[in-house]
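Below is one structure; the comments refer to it alone.
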Amino acid sequence: MTLKVACPNCKKEVVWQPENTFRPFCSKRCQLIDLGEWADENHKISQSIQGEGVISEEMLDALEDEFLQHNKFFVEPE
Ligand SMILES: [Zn+2]
């Protein structure tokens, strides 16, 4: 079964697979846009974003965990 999610930024359908390093986003662009919005809202992980300009594995894991906890974006398989 292939799990698909809707990109939180542009709502485009994204296949959830390890090769897709930008999941749940469709692209790096959407990921960065979303991270930027979080930073603006003083999101809890924004401090590690600011100043470095690099998205670490740890941050991606945190994003993924958060996403899975708020799985309202998941799209039901056809
Ligand atoms: Zn997108």
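Counting convention: from 1, in listed order, for ligands and their atoms alike. Below, all heavy atoms of this structure are taken into account, side chains as well, without hydrogens, waters or symmetry copies.
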Residue list, side chain to side chain donor-acceptor pair (under 3.5 Å) with Gln17, at least two apart or on another chain: none
Shortest non-hydrogen separation from Pro24 to Val5 and the atoms involved: O-CG2, 3.8 Å
Non-hydrogen side-chain atoms of Phe22 and Cys30 separated by less than 4.5 Å: no
Gln31 and Leu60, any side-chain heavy atoms less than 4.5 Å apart: yes
Every N, O or S from the protein that is nearer than 2.8 Å to the Zn ion (ligand 1): Cys7 SG, Cys10 SG, Cys26 SG, Cys30 SG
Evaluation steps, side chain to side chain contact (heavy atoms under 4.5 Å, CB included), between Val15 and Leu3: CA-CA 6 Å; Val15 178; Leu3 182 61; over 6 Å; no
Phe25 and Asp34, any side-chain heavy atoms less than 4.5 Å apart: yes
